[in-house]
Undergrad: 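Mind having a look at this structure? Questions to follow.
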Number of protein chains: 2
Amino acid sequence: MSPKRTAATAPVLRRITAEAVLQALVSGDELTAGDLMSATGLSRPTVHSVCDELIGRGWVTETGAAHAPASVGERTAIQVAASTGGRPSRRYALNAGAGLVAGIDLGATKISCCLADLRGRIVVEATEPWRDEHVGAPERVMIARRIMKELLAEAGGDPGRVLAAGMAVPAPVTDDGHAVALESYLPGMAALDLRTALRPDFDWPLLVDNDANLAVMAERWRGAARGVDNVIVLLAGWRLGAGICLGGRLIRGAGAAGEMRFLELVEGVGNTDAVGGMCRELGAVAAAEIIAGDRPATPEDSVLVELCAGDPETVTAEMVVEAARRGDQAAVDVVDVVMERTARAAAVVSTLLDPELLVLAGGPADAGDVLLPVFDHHLGRLNSVRPRLAASMLGDHAALMGSVRAALDHAFEHLLD
Amino acid sequence: MSPKRTAATAPVLRRITAEAVLQALVSGDELTAGDLMSATGLSRPTVHSVCDELIGRGWVTETGAAHAPASVGERTAIQVAASTGGRPSRRYALNAGAGLVAGIDLGATKISCCLADLRGRIVVEATEPWRDEHVGAPERVMIARRIMKELLAEAGGDPGRVLAAGMAVPAPVTDDGHAVALESYLPGMAALDLRTALRPDFDWPLLVDNDANLAVMAERWRGAARGVDNVIVLLAGWRLGAGICLGGRLIRGAGAAGEMRFLELVEGVGNTDAVGGMCRELGAVAAAEIIAGDRPATPEDSVLVELCAGDPETVTAEMVVEAARRGDQAAVDVVDVVMERTARAAAVVSTLLDPELLVLAGGPADAGDVLLPVFDHHLGRLNSVRPRLAASMLGDHAALMGSVRAALDHAFEHLLD
DNA sequence: GGGGTTTATTAATAGCTTTAATAAACCGCT
DNA sequence: AGCGGTTTATTAAAGCTATTAATAAACCCC
């Protein structure tokens, strides 16, 4: 009993051309009709017609001619194209302020939220550590809503201006992109229907995905993997997970692709729970090392012991990295052990999937100088044909930026509806 | 200096609708205008107009009304739809005879070639074992050309009727789908430019791909994975390779995705060369077992020894399977060892990529009854959340059918050019 | 042979885009 | 300031396509 099949096929063309124009504009630059003509293959009258329509809908603005508004600190790559004489062209640009998208990163240790404009520039942002590690999932979602309300107030936007929201969670997400499958990471998360997580307050379309999946899209967007279609991000912070992008598309299998539990059956290492990432492992291995060490654990002898003030329980990944940087042999050994293990995982993944680029992310911040060479060494030893290697450029922000990207994608897809 | 940007955008619509109609017709069934209307969402006049055009081009035929030509042995699923009175509808069908596609499987032990019509029905087919194992790649290609010439003569078709050809090779193929990257399997293959492999005789577009990749598409088309978008085919004949299809798309990474060399670094097993598949391993492990066996190797005592007439060198995978089927304990043990190893590889792959379905292919023919339960047992032991399991339905023919499918895809993509 | 019914065909209409022609707007130069 | 020269914007005319509405066919059953 569908309401009379609106098969309308004339406007389809308009839709296609409008999408093409919008797509060209999404990059964020000001473009002239000529630019749009060559970008889309359309004729000049059509370009103007489409742009007028998009302006009417509010998604595009016509910027004043060659003023080059160059707001300080932001190089907008506007080429004013030394005029050779001739009527000045109209300049079109995406109306970045026509809407907002929301990004949420429900991390293992903290929550980050932000609002971004249609160019993906973050307008407001807030990060909070969890009060304690064992906050339940429903409560975490409530905190996300509270923060988002505060951000909206700060930005002076009303909820209706937000076109979509993205959310990163540290666990696999089922195929429909909404519910969580495994329980191992966040207690109570699987029972939650994330599709409606923001619902009482915000009625936005909510895109939920695995943090590693979103991280890889973020690195492709604005990070170390720009323009790379076959890339894997190894998210090795508190847990070990991979975001896999092949052929320019996210790989999620039936939902849980990118999980690294195979390490257990590869070598018998790791708890049956989640496989730990570098942060967890560096601390744990170092603590074990100190406790079992045959050397006296004195601050004079060991930078590591000095840094943790003698208490192995308090050793953090940052301490290990710092100690290794200062030449402490025990710390160097710990780094070597943990990176060998991480490299082994990476070798399996990259042998099987043959990416062009491997991005290491989520480790202790700014530790690339210490970790990357060791990782590279082991990867080279294990894997004859290995991909290019890079450290994340987004670090902590990868998943958050990925959630923004997901929201933007959704928003643009439905902009013309 | 492009020849004046043929931006023409009016016929684009026609192209889209024609493709939609063709797509609906490709299934092979006879369809009425009404069927096509609901399949494509187009209006009746448009459907007729498009069909008339396609008929004019030769790709579609108008079949006589409700004759139900039911050629014996082929159930064409034609529903004559008990007429309720009313003008009889015109019936359209893909003109399967309007062209041919060629399929070639350059296997490890044999070569198979075929010609198929546009519905993918094989018209003629030929298989030859290689004269000896060490035939060079250029010579193999020459043999393929000879066989193809014979097939064409047999089918009475001239080369111009062939719209495209697909070719399966037992090695990774680079991203452009044409050249071979690794040398391990077929000597001299990497040096060859496969794009022009058939060129002196046939000027067809040639799609070259990995056998495992083509096998997975074949199983999705007509095999055990029909309608499954997330499926992995484990091709475990002479070498071990995986064809990975996720989200309905083939995963090839930078080119060599699906290679299983990670098994080496997982357990130190396997030669540094290619990782062997079941056929090779079953024979090798059984031979070693016999040689190192602590029992006297008498035919009375061991079915295996009986089958190989006492010579461990001649043990084949088929013998092992047969012996295991007859209850020979040594053979059962061999099967167990080899399947445990295969299952380990499968567990790694499926944990990482989370497919819905895993298809085991390329083993000794008709050995599923012996191998599958053992495989299943080990997979269940290794992998808590495991995918559905199935044996290949195409067996030996998987790669060949995949090459036909690839050729068909290419042909249909360019049918309207 | 005449309702009733379903489909084919034709005619009229509307939307989109393209090319061609016309009008604007700017530069540099005299 | 005015005038070619040049580039872009805008308007007009023409061509395709697809849709809806209306008309004609072709078949069933009674």
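Order of the sequence lines fixes the chain letters, A, B, ..., with proteins taken first and strands second; residue numbering starts at 1 for each chain.
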Undergrad: Using the salt bridge (charged side-chain N to carboxylate O under 4.0 Å, His left out) criterion, which residues pair with Arg57(B)? Sequence neighbours excluded.
TA: Glu53(B)
Undergrad: Is a salt bridge present between Asp52(B) and Arg90(B), judged by a nitrogen-to-oxygen distance below 4.0 Å?
TA: yes
Undergrad: For Leu36(B), enumerate each residue passing the side chain to side chain contact (heavy atoms under 4.5 Å, CB included) test, keeping only those at least two apart in sequence or located in another chain.
TA: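 Scan of Leu36(B) (side chain to side chain contact (heavy atoms under 4.5 Å, CB included), adjacent residues dropped) gives Val21(B), Ala24(B), Leu25(B), Leu31(B), Val47(B), Cys51(B), Tyr92(B).
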Undergrad: Measure the CG-CG distance between Asp229(B) and Leu246(B) for me, rounded to the nearest 0.5 Å.
TA: 9.5 Å
Undergrad: Can you tell me if Ser89(B) touches the phosphate of dT7(C), counting only side-chain N or O atoms and a distance under 4.0 Å to OP1 or OP2?
TA: no
Undergrad: With the criterion being N/O to N/O and under 3.5 Å, what pairs connect the protein with nucleotides 13-15 of chain C, and how long is each?
TA:
none

Undergrad: Touch check for Thr17(B), heavy atoms < 4.0 angstrom, all strands: base, sugar-phosphate only, or nothing?
TA: sugar-phosphate
Undergrad: Might you list the N or O atoms of the protein lying below 3.5 Å from N or O atoms in nucleotides 22-25 of chain C, with each pair's distance?
TA:
unit_1	atom_1	unit_2	atom_2	d
dA24(C)	O4'	Arg87(A)	NH1	2.9
dA25(C)	N3	Arg87(A)	N	3.1

Undergrad: Taking only residues two or more places apart in sequence or in another chain, which ones pass side chain to side chain contact (heavy atoms under 4.5 Å, CB included) with Ala407(B)?
TA: Val101(B), Ala164(B)
Undergrad: Out of dA9(D), dT7(C), dT9(C), which nucleotide sits closest to the side chain of Arg90(B)?
TA: dT9(C)
Undergrad: Whole Å only: how far is the CG atom of Leu13(A) from the C1' atom of dC16(D)?
TA: 10 Å
Undergrad: For Arg44(A), check salt bridge (charged side-chain N to carboxylate O under 4.0 Å, His left out) against everything at least two apart and list the hits.
TA: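 For Arg44(A), no residue satisfies salt bridge (charged side-chain N to carboxylate O under 4.0 Å, His left out) once neighbours in sequence are set aside.
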Undergrad: Calculate the interatomic distance between Arg15(A) atom CZ and dT17(C) atom C1'; express it in whole Å.
TA: 18 Å
Undergrad: Run the ring pair (Phe, Tyr, Trp, His ring centres under 6.0 Å) test against Trp204(B) and tell me which residues pass, sequence neighbours left out.
TA: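 Here the qualifying residues are Phe202(B).
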Undergrad: Figure out the CD1/P separation between Ile16(B) and dC16(D), and round it to whole Å.
TA: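 The distance from CD1 of Ile16(B) to P of dC16(D) comes to 18 Å, rounded to the nearest Å.
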Undergrad: Could you state the CG-P distance from Leu42(B) to dT17(D), rounded to the nearest angstrom?
TA: 13 Å
Undergrad: Check salt bridge (charged side-chain N to carboxylate O under 4.0 Å, His left out) between Asp35(B) and all other residues, then give those that pass, not counting sequence neighbours.
TA: none
Undergrad: Applying side chain to side chain donor-acceptor pair (under 3.5 Å), can you list everything that pairs with Glu413(B), at least two apart in sequence or on another chain?
TA: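 Not a single residue meets the side chain to side chain donor-acceptor pair (under 3.5 Å) criterion with Glu413(B).
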Undergrad: Who pairs with Asp158(B) by salt bridge (charged side-chain N to carboxylate O under 4.0 Å, His left out), at least two apart in sequence or on another chain?
TA: none
Undergrad: Of the residues in residues 44-53 of chain B, which ones touch DNA chain D at a heavy-atom distance under 4.0 Å?
TA: Pro45(B), Thr46(B)
Undergrad: Could you tell me the separation between the CZ atom of Arg91(B) and the C1' atom of dC27(D), rounded to a whole number of Å?
TA: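 Taking CZ of Arg91(B) and C1' of dC27(D), I get 14 Å after rounding.
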Undergrad: Sequence neighbours excluded, which residues qualify as side chain to side chain contact (heavy atoms under 4.5 Å, CB included) partners of Arg249(A)?
TA: Arg249(B)
